[in-house]
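Let me begin by presenting the structure, written as structure tokens, before commenting on it.
As a basis for the values below, the full set of heavy atoms in this structure was taken, side chains included, without hydrogen atoms, waters or symmetry mates. Just so you know, ligand 1 is whichever comes first in the structure, and atom 1 is the first atom listed for that ligand.
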Amino acid sequence: MVSPLFFAHSHEWKILNNMENISTGSVLKIAIQKSGRLHDDSVKLLKDCGIDLKNGVNKLRTEADNFPMEIYFLRDDDIPQYVEDEVAHIGIVGENIVHEKNKQVAVVEQLGFGKCRLSVAVGRNEKYENVNFLQNKKIATTYPVLTRRFLEKNKVSAEIHEISGSVEIAPGIGLADAIVDLVSSGSTLFMNGLKEVETILDSQAILIKNKNLRSEQQQILDRFLFRVRAVRKAKNNKYILLNAPNGRLPEIIRLLPGMKSPTVLPLAEPGWSSVHSVLNEDDFWDIIARLKESGAQGILVVPIEKMII
Ligand code: PRT
Ligand code: ZN
């Protein structure tokens, strides 16, 4: 019989991966949000990592076509518990949930999406000077654990009203004097006549794992993480191409660190070169402006799909 390894090139990787699954029988189970704010970005991260899901995402569980991974779609609140119990080996969930639920899981990586903050808000017309404002007040929240911890840390005693949703309307209907809730743009607070006065926690989506992963699962996690990091790194960097007069190459090269150093190629027009490099998004605009000042022309900026260093 012909070995599956002799199949056409485009299938080779898939077959290698599947053979690996068959030979070890190991699969990494990941829990992601079924629907809600983290769902789309979680599925996209898997896709960007080259992991194709079988039968779409409208079920409780599916598996990957080309990677030893099973995907469970769950409510975000339940994900830390499932990971602690090893129903799933890893999960994608907001830091806010991980801290609130206080489960025995390990944080593996911040994922850079789902950014928000857990904040205290009070009525817009309140004279809030400091956290002592909250003394003996009623605070409505869906985050009683983090709220209590914040109050204790600040030596304030207040009454916590745990409610299950629509926290922002609590002050308006006389249920509470203040709220603790997640904020991203701030427009929900604004529309409800509230202002943000303290930040309790800055949050984003993170990858968590069971604390006692067996080595087979850890190995698959390492392969997954290698891809996650390459995808995230690529997102924070751009490929840049420009033309420069040879006389100004030294100063232009000084502005462009690149992964090692920039690539410089001669142009057909004498006295000119093409320079290629990689720029980090943080100093992107600043460097572009300085490149122009240094005589760079025809600057092209191209997204990078994966970046492996
Ligand atoms: O059904 P399930 O239980 O899975 O979902 P859920 O309804 O509990 O959660 P979901 O989908 O609303 O949020 C999932 C995660 O997204 C949260 O746990 C956070 O980690 C993250 N996240 C990021 C946010 C926000 N931004 C956010 N703005 N979660 C909620 N909000 C809400 C906030 O509670 C408030 O009602 O959006 C409103 C404020 O938004 P702004 O833009 O008006 O400030
Ligand atoms: Zn939830």
Side-chain angles (χ1 to χ4, degrees), residues 29-46 53 56-62 71-85 87-88 90-103 105-124 128 139-147 149-150 160-173 175-176 178-209 228 232 235:
K29 297 179 187 174
I30 183 172
I32 65 174
Q33 196 187 22
K34 179 163 176 55
S35 62
R37 288 169 192 262
L38 302 184
H39 172 85
D40 289 353
D41 284 331
S42 303
V43 171
K44 182 166 186 305
L45 178 66
L46 297 181
L53 309 194
V57 294
N58 296 318
K59 301 198 307 183
L60 175 64
R61 183 197 149 277
T62 188
I71 300 92
Y72 289 75
F73 299 102
L74 302 169
R75 284 201 58 193
D76 64 348
D77 314 69
D78 298 333
I79 290 176
Q81 179 76 61
Y82 279 113
V83 171
E84 181 183 288
D85 295 345
V87 176
I90 62 171
I92 295 178
V93 66
E95 269 175 302
N96 49 306
I97 298 284
V98 175
H99 286 107
E100 178 69 22
K101 299 293 174 188
N102 222 352
K103 299 293 172 201
V105 296
V107 175
V108 182
E109 191 90 349
Q110 294 189 317
L111 298 173
F113 59 85
K115 285 191 176 167
C116 58
R117 51 201 185 272
L118 186 68
S119 293
V120 180
V122 300
R124 195 178 298 146
Y128 184 98
I139 305 174
T141 187
T142 51
Y143 290 86
V145 172
L146 289 174
T147 303
R149 204 179 287 162
F150 171 78
I160 299 173
H161 270 259
E162 183 178 353
I163 55 179
S164 58
S166 304
V167 175
E168 64 281 356
I169 64 169
I173 58 172
L175 186 70
I179 65 165
V180 168
D181 199 11
L182 296 176
V183 182
S184 43
S185 68
S187 68
T188 303
L189 293 184
F190 182 79
M191 283 188 308
N192 287 279
L194 300 171
K195 63 179 175 187
E196 195 177 352
V197 291
E198 304 278 349
T199 302
I200 297 181
L201 175 81
D202 281 306
S203 180
Q204 61 178 285
I206 52 175
L207 189 66
I208 54 170
K209 70 168 186 175
V228 169
R232 292 215 52 220
K235 250 184 214 131

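Residue contact check: Gly36 has heavy atoms under 4.0 Å from atoms 11 (O) of ligand 1. Each of the following atoms of ligand 1 lies closer than 4.0 Å to a heavy atom of Asp181: 34 (O), 35 (C), 36 (O). Those atoms of ligand 1 with a heavy atom of Gly94 less than 4.0 angstrom away are 20 (O). Here is the list of ligand 1 atoms found below 4.0 Å of a heavy atom in Gly114: 21 (C), 23 (C).
Panel note: side chain Gln33, backbone Asp76; no donor-acceptor pair is recorded below 3.5 Å. When atom types are taken as modelled, the side chain of Gln81 and the backbone of Lys103 share no donor-acceptor pair closer than 3.5 angstrom. No donor-acceptor pair closer than 3.5 Å links the side chain of Ser119 to the backbone N or O of Val183. The backbone N or O of Gln204 sits less than 3.5 Å from a side-chain atom of Glu95, completing a donor-acceptor pair. A donor-acceptor pair under 3.5 Å is absent between the side-chain atoms of Arg37 and the main chain of Gly114, judged by distance alone.
Put simply, atom 13 (O) of ligand 1 has protein non-hydrogen atoms near it, under 4.0 Å away.
Salt bridge annotation for Lys101-Glu84: absent, with no cationic side-chain nitrogen under 4.0 angstrom from a carboxylate oxygen.
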Worked verdict on Gln110 versus Ile206 for side chain to side chain contact (heavy atoms under 4.5 Å, CB included): CA-CA 4 Å; Gln110 294 189 317; Ile206 52 175; 3.9 Å; yes
Trace of the side chain to side chain contact (heavy atoms under 4.5 Å, CB included) decision for Phe73 with Ile32: CA-CA 5 Å; Phe73 299 102; Ile32 65 174; 3.5 Å; yes
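Checked against a 3.5 angstrom limit, the closest N/O atoms of Asp77 and ligand 1 fall inside it.
Looking from atom 33 (C) of ligand 1 to the surrounding protein, the closest heavy atom is Leu182 O, 3.2 Å. For atom 39 (C) of ligand 1, the closest non-hydrogen atom on the protein side is Thr188 OG1, 3.4 Å. The protein heavy-atom contact nearest to atom 1 (O) of ligand 1 is Arg75 NE, 3.7 Å. From the protein, the heavy atom lying nearest to atom 20 (O) of ligand 1 is Asn96 OD1, 2.7 Å. For atom 42 (O) of ligand 1, the closest non-hydrogen atom on the protein side is Ser185 OG, 2.7 Å. Ranking the protein heavy atoms by distance from atom 24 (C) of ligand 1 puts Arg37 CD, 3.3 Å first. With respect to atom 2 (P) of ligand 1, the closest heavy atom belonging to the protein is Asp76 OD1, 3.4 Å. At the shortest separation from atom 28 (N) of ligand 1 among protein heavy atoms lies Ser184 OG, 2.9 Å.
Only side-chain heavy atoms of Gln33 come within less than 4.0 Å of ligand 1; its backbone N, CA, C and O stay farther off. Contacts with ligand 1 closer than 4.0 Å are made by side-chain heavy atoms of Leu38 only, the backbone lying farther away. When heavy-atom distances to ligand 1 are checked against a 4.0 Å cut-off, Val183 comes that close through both its backbone and its side chain. Under 4.0 Å from ligand 1, the heavy atoms of Ile97 that appear belong solely to its side chain. Contacts between Val93 and ligand 1, counted as non-hydrogen atom pairs separated by less than 4.0 Å, are absent for every part of the residue.
Val197 has its side chain within reach of Lys195: a pair of non-hydrogen atoms, C-beta onward, lies under 4.5 Å apart. Put simply, the side chain of Tyr82 does not reach to within 4.5 Å of the side chain of Lys29, judged on heavy atoms.
The heavy atom nearest to atom 22 (N) of ligand 1, considering only Ser166, Ser164, Cys116, is found in Cys116.
What you find for Leu146 and His99 is that their closest heavy atoms are CD2-CB, 3.8 Å.
Taking the centre and axis of the six-membered ring of Phe113, the NZ or CZ atom of Arg232 falls outside the cone set by 45° and 6.0 Å.
Taking the Zn ion (ligand 2) as the corner point, the angle from Asp77 atom OD1 to Asp76 atom OD1 is about 70° (rounded to 10 degrees).
For the side-chain contact (heavy atoms from CB on, under 4.5 Å) test with Ile179, the passing option among Asn192, Leu194, Ile139 is Leu194; the others fail.
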